[in-house]
There are 2 protein chains.
Amino acid sequence: MTSEQPPSADSGGRRELNKRATRTAISTAALSLARTHGPGGFTVDQLADEAGISRRTFFNYFPSIEAALTRPVEEFLEGAFAQLYDRPADEPIMDAVLATLGGDVSQEQMALLCEIYAMGEDDPQLERMQLQVWNKAQQKLEEGLHVRLPRSESDLLINSLAGALIACGQAAMREAAAETVGRSPDAGSFQKHLLVSIGMLRTGFNSLSKDS
Amino acid sequence: MTSEQPPSADSGGRRELNKRATRTAISTAALSLARTHGPGGFTVDQLADEAGISRRTFFNYFPSIEAALTRPVEEFLEGAFAQLYDRPADEPIMDAVLATLGGDVSQEQMALLCEIYAMGEDDPQLERMQLQVWNKAQQKLEEGLHVRLPRSESDLLINSLAGALIACGQAAMREAAAETVGRSPDAGSFQKHLLVSIGMLRTGFNSLSKDS
DNA sequence: GCCCAAATTTGCACACCATGCAAACTTGCA
DNA sequence: TGCAAGTTTGCATGGTGTGCAAATTTGGGC
């Protein structure tokens, strides 16, 4: 007869799908509560209740409320840098980063990332968690750079570059978030800012000097 | 009539001195415990006991163990960027940052910062806290840059530059920490790395391209 | 030296977090 | 259909962080 649904590989299995659904249900519920009660304005019990699971189950999926809230950020960054390995090996790094970070970001997703970023201003725990997510992304980027750059480059310069790139990404996102307060996040806003800031990274910040 | 000093006299009052002493006693005790039991290997009760105070008093000084542990980092960064305002107004920014960040760092202090940084690898909470401390420093730097750069510069570029500078500082520290595993932290190691990475920031990372 | 107002420390209570454990329950599959 | 493996859940436990008020210390005026 017709073959059963896809094999129980990573993403095909029924159980995997269920878990994935539960995960998103939880982080969605968390976001919803954060919108109404503020980032730090609700407890795990409330969240578990909202998501329709038990308190204990929540902790099977996330170690903290903040982790549930920053999950979209984590997924965005992980997805972006995973693409880095798919790009042509001879493409200049800056271009590759621009293409992956600024690539397929939907307007909706961008708005979500900005919203979560903004929440971090109100809640130190959330801010810290978000910083860690970006930091993890930076480490992934460092690995990627190691592959793409001549072996002769020192760790110092590679790590500096990775950090600077991430900093540009953050700055671009902050700028986009700032513009977003007045509604409707411009789709290309993030990409545009990213292009400008990374461009400055290419040619050097010396032109920013007062005596430019 | 004796001129009443404002209750919150900065440094002269006896009470202020006592509080300062208690603060350092606590963070010293925290460091000591972290060395013997690992960063996440002890409780507030143990720490309070070690520092000779009550659990409740600990929370009067720090909101968490991690905050006590990262206090030296915080002080270093705050001290460094406070100096930024004392530097000649016409000095190029990069030079000013180099002078403040790499200025009066004792070998001893440098070793401490590296040690705390390394502990962050073992404890996510500590890592997050440390990231936040650096992030706070970055915000201070942004303010400083606003003053020192022509008014015409966009927030985007200023923030990108601040983030990139901080990233270079972190990379330099990581490099120094990596060298330190074999004891004896070279005094000028941090400064040396800082000089290299910030130099790259000046002239642009384009020269790192594979086709350099 | 004595005393007091202000500052600081402390104990206690309370709500919440995070995790191990084992019992209940689903679920996929032969 | 039945069962082994996976998942959810309740319970217990130890730890965190904070408000509150009582107790204690401290600096300084007299």
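Worth knowing before you read on, the calculation uses all heavy atoms, side chains too, and leaves out hydrogens, waters and symmetry mates. Below, chains carry the letters A, B, ... as their sequence lines are ordered, and counting in each starts from 1. Owing to the predicted nature of the structure, the values given are computational and were not obtained by experimental measurement.
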Taking [atom1] from [X] and [atom2] from [N], how many angstroms apart are they, rounded to a whole number?
| X | N | atom1 | atom2 | value |
| --- | --- | --- | --- | --- |
| A/Phe58 | C/dC17 | CZ | C1' | 10 Å |
| A/Asp45 | C/dC14 | CG | C1' | 15 Å |
| A/Phe62 | C/dT19 | CZ | P | 14 Å |
| B/Phe59 | C/dA13 | CZ | C1' | 15 Å |
| A/Asp49 | C/dC16 | CG | P | 13 Å |
| A/Leu47 | C/dC16 | CG | C1' | 14 Å |
| A/Leu17 | C/dT26 | CG | C1' | 16 Å |

Sequence neighbours left out, what passes side-chain hydrogen bond (donor to acceptor under 3.5 Å, both in side chains) with A/His37? Give chain and number order.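 Expected list: none.
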For B/Phe205, run the side-chain contact (heavy atoms from CB on, under 4.5 Å) check against A/Leu165, A/Leu161, A/Ile198 and tell me which one passes.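 Looking at A/Leu165, A/Leu161, A/Ile198, the match for B/Phe205 under the side-chain contact (heavy atoms from CB on, under 4.5 Å) is A/Leu161.
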Per side-chain contact (heavy atoms from CB on, under 4.5 Å), B/Leu77 is matched among B/Leu113, B/Leu101, B/Ile166, B/Leu141 by B/Leu101
Salt bridge (Lys or Arg N to Asp or Glu O under 4.0 Å) partners for A/Arg56, two or more places apart: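 Partners of A/Arg56 under the salt bridge (Lys or Arg N to Asp or Glu O under 4.0 Å) test: none.
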Let me have a per-nucleotide readout for nucleotides 5-13 of chain D, 5' to 3', with B, S or -, counting only protein heavy atoms under 4.0 Å. BSSBBBB--
Should B/Glu66 and B/Arg128 count as an ion pair when the cut-off is N to O under 4.0 Å?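 Not counted as a salt bridge, because no side-chain N and carboxylate O are separated by less than 4.0 Å.
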Under 4.0 Å: is that the gap between some side-chain N or O of B/Asn18 and OP1 or OP2 of D/dG27? yes
Is the side chain of B/Gln46 donor-acceptor paired with the backbone N or O of B/Thr43 at a distance under 3.5 Å, no angle test?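 Flag set: sc B/Gln46 to bb B/Thr43 pair under 3.5 Å.
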